[in-house]
Amino acid sequence: QHRVSTMGFPAVPAPPESERVCVFGTGDLGRSLGLRLLQAGYGVVFGSRRPHSSSSLLPHGAQVLGHAAAAQSAHLIFIAVQREHYDFLVPLANQLKGKVLVDLSNNLKKNQYPEANAEYLQSLVPGAEVVKGFNTLSAWSLQNGPSDANRQVYICGESVEAKQAVIAVAIKLGFSALDRGFLSVARELEDFPLQLFPQWRLPLRIAIGLSAAFFFYLLIRDIIYAYVTQSKDISFRIMVSLANKVCPIVSLIMLSLCYLPGVLASFLQLYRGTKYRRFPDWLDRWMLCRKQLGLLALGFAFLHVLYTLIIPIRYYVWFKNRTTQFDMTTAWRGDSYLSLGILGFGLYVLLGITSLPSVSNALSWREFSFIQSKLGHLTLLLCTAHTYLYGWNRFLSSSTYKWYTPPGYMLCLVLPSVVLLLKLLLITPCVDRTITRIRQGWERGADQRNPKDSQPLIP
Amino acid sequence: QHRVSTMGFPAVPAPPESERVCVFGTGDLGRSLGLRLLQAGYGVVFGSRRPHSSSSLLPHGAQVLGHAAAAQSAHLIFIAVQREHYDFLVPLANQLKGKVLVDLSNNLKKNQYPEANAEYLQSLVPGAEVVKGFNTLSAWSLQNGPSDANRQVYICGESVEAKQAVIAVAIKLGFSALDRGFLSVARELEDFPLQLFPQWRLPLRIAIGLSAAFFFYLLIRDIIYAYVTQSKDISFRIMVSLANKVCPIVSLIMLSLCYLPGVLASFLQLYRGTKYRRFPDWLDRWMLCRKQLGLLALGFAFLHVLYTLIIPIRYYVWFKNRTTQFDMTTAWRGDSYLSLGILGFGLYVLLGITSLPSVSNALSWREFSFIQSKLGHLTLLLCTAHTYLYGWNRFLSSSTYKWYTPPGYMLCLVLPSVVLLLKLLLITPCVDRTITRIRQGWERGADQRNPKDSQPLIP
Amino acid sequence: QHRVSTMGFPAVPAPPESERVCVFGTGDLGRSLGLRLLQAGYGVVFGSRRPHSSSSLLPHGAQVLGHAAAAQSAHLIFIAVQREHYDFLVPLANQLKGKVLVDLSNNLKKNQYPEANAEYLQSLVPGAEVVKGFNTLSAWSLQNGPSDANRQVYICGESVEAKQAVIAVAIKLGFSALDRGFLSVARELEDFPLQLFPQWRLPLRIAIGLSAAFFFYLLIRDIIYAYVTQSKDISFRIMVSLANKVCPIVSLIMLSLCYLPGVLASFLQLYRGTKYRRFPDWLDRWMLCRKQLGLLALGFAFLHVLYTLIIPIRYYVWFKNRTTQFDMTTAWRGDSYLSLGILGFGLYVLLGITSLPSVSNALSWREFSFIQSKLGHLTLLLCTAHTYLYGWNRFLSSSTYKWYTPPGYMLCLVLPSVVLLLKLLLITPCVDRTITRIRQGWERGADQRNPKDSQPLIP
């Protein structure tokens, strides 16, 4: 039963009124849906402009009538017609009065029309109860029934009874339906199938931009510099050595970009002395993509770990010269550097796991904020310390600054250091107390404005 | 309250009619359920053939009556009796009229009976409202209340009111109940507790078969060949070297087996010129286990990564001879090979993460298909290229073909190469256009059959 | 619309009766909620003791009335007042009759009061329908609307109609509401926002205690011993070598602590001859934190893997002496040791993945128990064998026992060996059969007590 077949479908006995549904539209969508409904035991009546000519392609067992007659034969009517043709419903207003119209339509792009298709349909047929639904399914699922990732159906509409009727059909088709609210949510449901990672775009662009910039910067500093000054061709290092410099740099910058907006927002609230004012739009948008910034940072950190771990099996490494004198300080530095990196990566992975929807749903808000804020800043601290230890005494050596440019790891330390310093400032007791009061609703200057109503939290 | 205790249970005051439930059956299941119901505040009446003799083992606070009297005392009756004994209910038809019967039963194996237990129960007592439910819980949960992984209860039945009543009890016992539809779903609910990874069996068998085949093939080619031709005992290499050859080989073959059916289905639709015909059964079954094939492939890739990364800490490796001459081409090849492997594994892990139910549920269908199809084929491409680079110039060297057999990595390249070539063919513009039209409902030859109804998508 | 703004909010036309809600309390919580309700299209009436003086800070568009008048203007009343002030509602009993009161309150600590706030509210105003809800949201979400991890709202209450009304508001505000049952659940909902990983505390303390104990033990045995007996400063090894000893030791002990209580419970049931008796409290509590013990063990195993894999890139390792004679047994032992570790870690990760809520929810109970019990004990077996192979012939060498103390890996083998031995005993056929009978409800001695009712499962 996973595939649709138009041949050999058994004859269905006539079901009672209540078990009959109507489908307007005899295109691919209408035919597929009609077949599914027949298989689930419903009686199906197709509404068509030319009931006699269109019947040959329709699933066996379905009736075909003119639109008016079809509308009168059932309480529930699926509108499997493109929005452009909705106006044929206007003359049917009488027959559609009190009926439940299920709007299945999707658009080809976002904001194609001023209002949602379902709202437009409701405005055309005000006497009917419009329910938006089933449009978030893949075509495959609508045709072949629910599969693993396609069991959930979202619906919305004004009338609770109409929604109940649609939910009953969804359940009978094997889906689980979720009521998302009133018809004003229809636009959101219609945009859903069109979206391709809208919240990931900005973070992805930042990641690609940073990667490209640092790739060329390090290409010049490492490969081209060696070629120009020592005529040495070390271009093969692009594949691993260079990648293993770009990855950690981008990861650390992205991680600090993930924690910077929170710090900025706190300072803004502190400066304004109230939480009752909108943040600037750019800050709002930035805060909304923190999760994506963090997960991309984790991805780069993961690649960095793999690139680092394969170092000893690289062909090239066997030819490296090694110092012959054991040095205690270098041993300490090296091991600390590695250990901090491992602990930082461990916390990084923990942050990633708690970002999984099923895990974060199981956490109380206090737990979620403990992990994402406290452990998040600790991760940033460990990774920054890891990078400082990597640099070690090379910060002061002039030979580090080839062509007067700083190495990549120095550049990438700027942002996390700033974030950590600002955060340190925010958690000093006096600043922290003011922030806490502001977040509990206290407003600077409000005491003067309305002394009776104010309730100082720390009397 | 996590454990059941038959001693020291406090006396419960008589609850109102509506809060009284009846349990038929005084075996372990009935007793455990009765105790849970008592603890949740319900009045419990047991129905028994011998009400006087069976009372000693029943939870304190419960009443015991004959079946007929018990049935009349409550609206909701839990049937905690094995299906074989259901016929005692037939003479009670009058008392059970309009009552809600909750069928808790499970079978010992699938398809033990022609119809579901709940459907059989309904046929015996047509006047009652049968609801299937609670059977998917573990015995532990039914007895001790919901735990972390056992909070969800599935129910099904024809009457919405009856289901509401059962859901209310489920909520009061601390479970969250999900209405899965009509009584025809009962078989599915009854099969659920019996299932042991039904969709994983075929993929697991393929994985074990491939692993065994390649293990023996490589055992002969590597270990036995060395013993026979050079009398060298290198059997210790079985543990790591051989395992690290079998894992990537099986992983790559499984990954291409995961993408092959999709490609075959496209060619079949192309050949038939329509999407309205069933795929052959074997193809259907194959497509349904693609996710499992991919996840097993990821598991083998994960082991391959670990086996590769521990190479430098292996005792044996310290004794390997190394060439003394640095070779630029080898450095390039080696680093590219490693880098491709890392990127491929990174994408592999990403595919695995998006297979998690909570993640794939949060994706729109377009996003899911982008990741699983586009990024999936890219992963296959990267891993195949990784393997080709591993082979490098050894493809042409005759010393590679010990005993005239090709090495494992060559054998495993056949399938992914075929899949990638076929996929390449499918995304050429002219083929892609035809496929897209077919998937939108266009049928080759349909234009002639019914010229009026056809709507050419590309005029 | 992600941020609250008190300025520039458009005037809202007067909504119908049914769309008007009332908010008692004009503090931060009441104001934030009122603004959200206004934005969602509701008419909002604030109830205040001093309706004239408090209006200046309230969101534009809301009405402010005295408590009695406000209560009469709407069916749904949000109580955004702290529990300490609930007594002002007592004189309003007449106006509140039949109204739905939504209790949003949280406490500062658990068990602050003898009964839940919502139950206290219900006792003060018995004529009203109290619904607990919205209190599990973060303040941010209540103010700014649902975000990724804050879409779910839990409610509970006695009246289904009252809950329906509250769910409708929740849906209109963009949340998805889950009915958790009757008002007796209120305490649970009130405790939820206060909790900070309650089930993780004991396992975390065990992990920290074990880590500290083994750290100091190994510090003395490795670093201080070398300093005292050979005057060698190898303190730098603390960062990696010592960490890489502590991690696997703690991981193995925690893993066996995760499987020990199940084994103990089986022996207790075997000894008592019944499953109908409570386990001691300590065993109950131990069993409830098995998942957390296992996940912490996985975390330590993950760190152990990373610490092991970076060994070859450690500076210090380049100076290690190597034996010059290849030894077949050592090669076998080394590779087997690594291979067992890899397979054990692979299964470990698999256990971790199936602990994710969304994955374990998709498993039937039989599948879950197969993975967690069968594969879990196999993991323990592999990891224990891995450790035995690590020790190898050093168990018998006296030089291993510095200062007469055994090395860490020997100490940590005690517990897993005991668990595996006990488990082995449990799965011998005769013991296994008895355990199975007990779990199916059989009681030793029950045959004598009540011979008629007993149903021997194995006749």
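Below, read A as the first sequence line, B as the second, and so on, with proteins coming before strands; counting in each chain starts at 1. The analysis underlying the following values was restricted to heavy atoms, covering all of them including side chains, and did not include hydrogens, waters or symmetry mates. Treat the numbers as computed from the prediction; the structure is a model and nothing was measured.
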Top contributor to chain B contacts, counting heavy-atom pairs under 4.5 Å, from C/S369, C/A331, C/S184 =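 Ranked by heavy-atom pairs under 4.5 Å with chain B, first place is C/A331.
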Between C/T330, C/V349, C/I311, the one whose heavy-atom pairs under 4.5 Å with chain B are most numerous =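 So the answer, after comparing C/T330, C/V349, C/I311, is C/T330.
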Let me confirm one number: the [atom1]-[atom2] distance from [X] to [Y], rounded to the nearest 0.5 Å.
X      : Y      : atom1 : atom2 : answer
C/S364 : B/L194 : OG    : CG    : 8.5 Å
B/L356 : C/I353 : CG    : CD1   : 7.0 Å
C/L338 : B/R314 : CG    : CZ    : 8.0 Å
C/M328 : B/D233 : CE    : CG    : 3.5 Å
C/L350 : B/L295 : CG    : CG    : 10.0 Å
B/M239 : C/W332 : CE    : CH2   : 6.5 Å

query = Can you tell which of B/L29, B/V359, B/I310 has the highest number of heavy-atom pairs within less than 4.5 Å of chain C?
reply =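 It is B/I310.
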remark   = With chain C, the option among B/A170, B/G299, B/S235 that has the most non-hydrogen atom pairs under 4.5 Å is B/S235
inquiry  = Under 4.5 Å from any heavy atom of chain B, what part of C/I371 do you find: side chain, backbone, both or neither?
reply    = side chain
ask   = Distance-only, no hydrogens or angles: does the C/S339 side chain make a donor-acceptor pair with backbone N or O of B/V240 under 3.5 Å?
value = no
message = Whether the side chain of C/R366 engages the backbone of B/P193 through a donor-acceptor N/O pair (distance < 3.5 Å, no angle test) should be reported.
response =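 No; judged by distance alone, with no hydrogens or angles, the pair does not exist.
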query = Which residues from residues 301-309 of chain C are near chain B, with near meaning under 4.5 Å between non-hydrogen atoms?
reply =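 Heavy-atom contacts from residues 301-309 of chain C to chain B are C/V305, C/T308, C/L309.
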key: C/D335 to B/F236 - nearest heavy-atom pair and separation   =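 So the two residues come closest at OD2-O, 3.6 Å.
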task = Grab the two heavy atoms, one from C/F182 and one from B/K172, that are nearest each other, plus how far apart they are.
result = CE1-CD, 3.3 Å
ask   = Within a reach of under 6.0 Å around NZ of B/K232, are more than 12 heavy atoms found that belong to other residues, nucleotides or ligands?
value =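 Incorrect, the count does not exceed 12.
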ask   = More than 12 heavy atoms of other residues, nucleotides or ligands under 6.0 Å from NZ of C/K245: is that the case?
value = no
Engaged part of B/N244 at the chain C interface, taking heavy atoms whose separation is under 4.5 Å =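 For B/N244, neither part sits under 4.5 Å from chain C.
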